[in-house]
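Data block below; observations after.
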Amino acid sequence: MKINHVAIAVNNLDEAVKEYQNVLGVKKVEFETVDAEGVRVAILYLENSRIELMEPTKDTSPIKKFLEIRGEGLHHIALETEAIEGEVDRMKDTGVRFLGEVRPGSGGTKITFIHPKSLHGVLTELCSHTKK
Ligand code: CO
């Protein structure tokens, strides 16, 4: 397993991207809108991983609710595994609680989330690239 990305909830994506790029000196950025999750995402490419900044695109977005309750900050980390279904089965045996089934994520990935209560307060995404 390795860290695929760290996701941060922000109020204003364009402002946040400029600040992150300026402070970290990151050049490569891609934008993506995920309608199903109600977010617009900026992906900042680091040498070995990515930071994803996310802003809500609608009032029903879970990110909107997160920002109202917690304010800006770390939303989740994403761990990449080669075979997500196998990992999920293995983790279910350890009593881990998942948020939803394995489902399509962005860019042809498969994803699911582990409840923060199962990992000491950190919402954790599991992701896997769909085999071509
Ligand atoms: Co993510």
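All ligand and atom numbering here is 1-based and tracks the order in the structure.
Considering all non-hydrogen atoms of both residues, L74 and V6 come closest at CD1-CG1, 3.4 Å. Taking every heavy atom of both residues into account, F31 and D14 meet most closely at CE2-OD1, 4.2 Å.
Between R90 and E87, at least one side-chain N (NZ, or NE/NH1/NH2) sits under 4.0 Å from a carboxylate O, which counts as a salt bridge.
H76 contributes NE2 as its N, O or S atom closest to the Co ion (ligand 1). Shortest distance from the Co ion (ligand 1) to E125 is reached at OE1 (N/O/S atoms only).
The Co ion (ligand 1) has no N, O or S atom of C127 under 2.8 Å away, backbone or side chain. Not a single N/O/S atom of H75, whether from backbone or side chain, sits less than 2.8 Å from the Co ion (ligand 1). Among the atoms of E52, none of the N, O or S atoms falls under 2.8 Å from the Co ion (ligand 1).
For H115 and F98, the distance between ring centers is not under 6.0 angstrom.
Distance alone, capped at 3.5 Å, is enough to place a donor-acceptor pair between the S61 side chain and the I63 backbone.
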